[in-house]
Amino acid sequence: DTEVTQTPKHLVMGMTNKKSLKCEQHMGHRAMYWYKQKAKKPPELMFVYSYEKLSINESVPSRFSPECPNSSLLNLHLHALQPEDSALYLCASSPRPGQSTDTQYFGPGTRLTVL
Amino acid sequence: EDQVTQSPEALRLQEGESSSLNCSYTVSGLRGLFWYRQDPGKGPEFLFTLYSAGEEKEKERLKATLTKKESFLHITAPKPEDSATYLCAVHPRAGGFKTIFGAGTRLFVKA
């Protein structure tokens, strides 16, 4: 079963709020990813964790803070966001980070609206 | 610079009218090319991974092919439920964990 779950499905927050997005997979995958996707645009990579270590941070503003507590869980902590941060946030995982046969599997996403 | 270009941007078909979507890529060595289907407001659903020129993969009405410069997603006798955005992505050999996505082709199939 190639399932990645994300909670919540929808989130509305003010610019002064602190909230967190959660992602979970139980496929034994060793890499997990956060993407941001605006309407009618492709996903943009934000962060990559490989074997629970942060491997890529694509110059994302510090108001986004990732956390990987264990190999199955990935969080994205949000603080002092701006309205332009409103987007679909996607989590993905892949089984064999760094290997040529690696494929990413995506979760359903969290629709974030910042007021 | 590594780049992925998909065409057309949008494609409108009648039910049963077969067609192809194109994904052309420029990368410094290809580790893998991926096709995903994405419905509005949902995460991309994995369809295929292709690794080398000449490779083909099929799933129901979909068939993906790969050459050294491009990939095609052939849709045979499409149905309205095939309507979605189809994303192509490549994993460059020197790209580490990065996957480069094309902008997608929005497919509309009318009954």
Side-chain angles (χ1 to χ4, degrees), chain A residues 1-6 9-10 21 23 25 27 29-51 53-59 86-113, chain B residues 2-11 21 23 25 27-53 55 57 59 64 66 84-108:
Chain A
D1 185 22
T2 53
E3 186 178 28
V4 177
T5 60
Q6 290 187 242
K9 290 185 179 180
H10 303 277
L21 308 184
C23 173
Q25 58 88 12
M27 298 177 282
H29 289 183
R30 301 313 303 272
M32 297 186 78
Y33 310 74
W34 280 117
Y35 286 86
K36 173 183 176 180
Q37 186 177 28
K38 291 281 209 178
K40 297 183 181 179
K41 297 287 187 183
E44 297 174 34
L45 184 64
M46 300 174 71
F47 303 103
V48 181
Y49 275 84
S50 174
Y51 297 95
K53 292 190 188 316
L54 184 63
S55 299
I56 291 181
N57 176 339
E58 289 285 36
S59 303
S86 298
L88 182 67
Y89 286 83
L90 295 165
C91 175
S93 70
S94 66
R96 296 174 289 272
Q99 295 189 29
S100 61
T101 55
D102 209 27
T103 296
Q104 293 178 36
Y105 298 90
F106 286 83
T110 293
R111 170 67 62 189
L112 173 67
T113 303
Chain B
D2 297 330
Q3 199 167 4
V4 177
T5 303
Q6 290 188 247
S7 62
E9 287 185 21
L11 181 62
L21 282 55
C23 171
Y25 61 91
V27 293
S28 49
L30 180 71
R31 270 206 275 177
L33 183 142
F34 311 96
W35 281 100
Y36 292 90
R37 171 198 167 122
Q38 187 173 26
D39 293 302
K42 299 192 176 180
E45 175 191 344
F46 170 72
L47 295 174
F48 304 109
T49 305
L50 302 167
Y51 298 107
S52 56
E55 191 174 1
K57 288 192 177 174
K59 179 181 178 180
L66 181 65
T85 295
Y86 290 85
L87 293 167
C88 171
V90 300
H91 202 167
R93 194 171 300 281
F97 297 105
K98 290 190 181 183
T99 300
I100 302 170
F101 281 86
T105 292
R106 288 188 292 150
L107 175 66
F108 304 91

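Convention: sequence-line order gives letters A, B, ...; per-chain numbering from 1.
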- [ ] Any chance you could measure B:His91, atom NE2, to A:Ser94, atom OG, to the nearest 0.5 Å?
- [x] 8.0 Å
Open item on the list: Using a 6.0 Å cut-off, check whether atom NZ of A:Lys40 has over 12 heavy atoms from anything other than its own residue.
Closed with: no
Task: Toward chain A, the part of B:Glu45 with a non-hydrogen atom under 4.5 Å - done: neither
- [ ] Go through the atoms of A:Glu44 and report whether side chain, backbone, both or neither lie under 4.5 Å from a heavy atom of chain B.
- [x] neither
TODO: Considering only heavy atoms and a distance below 4.5 Å, find which of A:Gln6, A:Gln37, A:Lys41 pairs most often with chain B.
DONE: A:Gln37
- [ ] Taking atom CD of B:Gln3 as the centre, report whether more than 12 heavy atoms of other residues, nucleotides or ligands fall under 6.0 Å from it.
- [x] no
Task: is_close_aromatic(A:Phe106, B:Tyr36), centroid dist under 6.0 Å - done: yes
- [ ] Answer whether the closest heavy-atom distance between the side chains of A:Thr103 and B:Phe48 falls below 4.5 Å.
- [x] no
Task: pair B:Val4-A:Pro42: side-chain heavy atoms closer than 4.5 Å - done: no
- [ ] With side-chain contact (heavy atoms from CB on, under 4.5 Å) as the test, would you mind laying out the steps for B:Phe34 and A:Asp102 before giving the verdict?
- [x] CA-CA 10 Å; B:Phe34 311 96; A:Asp102 209 27; over 6 Å; no
TODO: Could you pull out the closest heavy-atom pair between A:Leu88 and B:Gly41, with the gap in Å?
DONE: CD1-O, 4.1 Å
TODO: Evaluate the side-chain proximity of A:Leu90 to B:Lys42: yes if any heavy-atom separation is below 4.5 Å, no if none is.
DONE: no
Task: Whether over 12 other heavy atoms sit under 6.0 Å from A:Lys38 NZ - done: yes
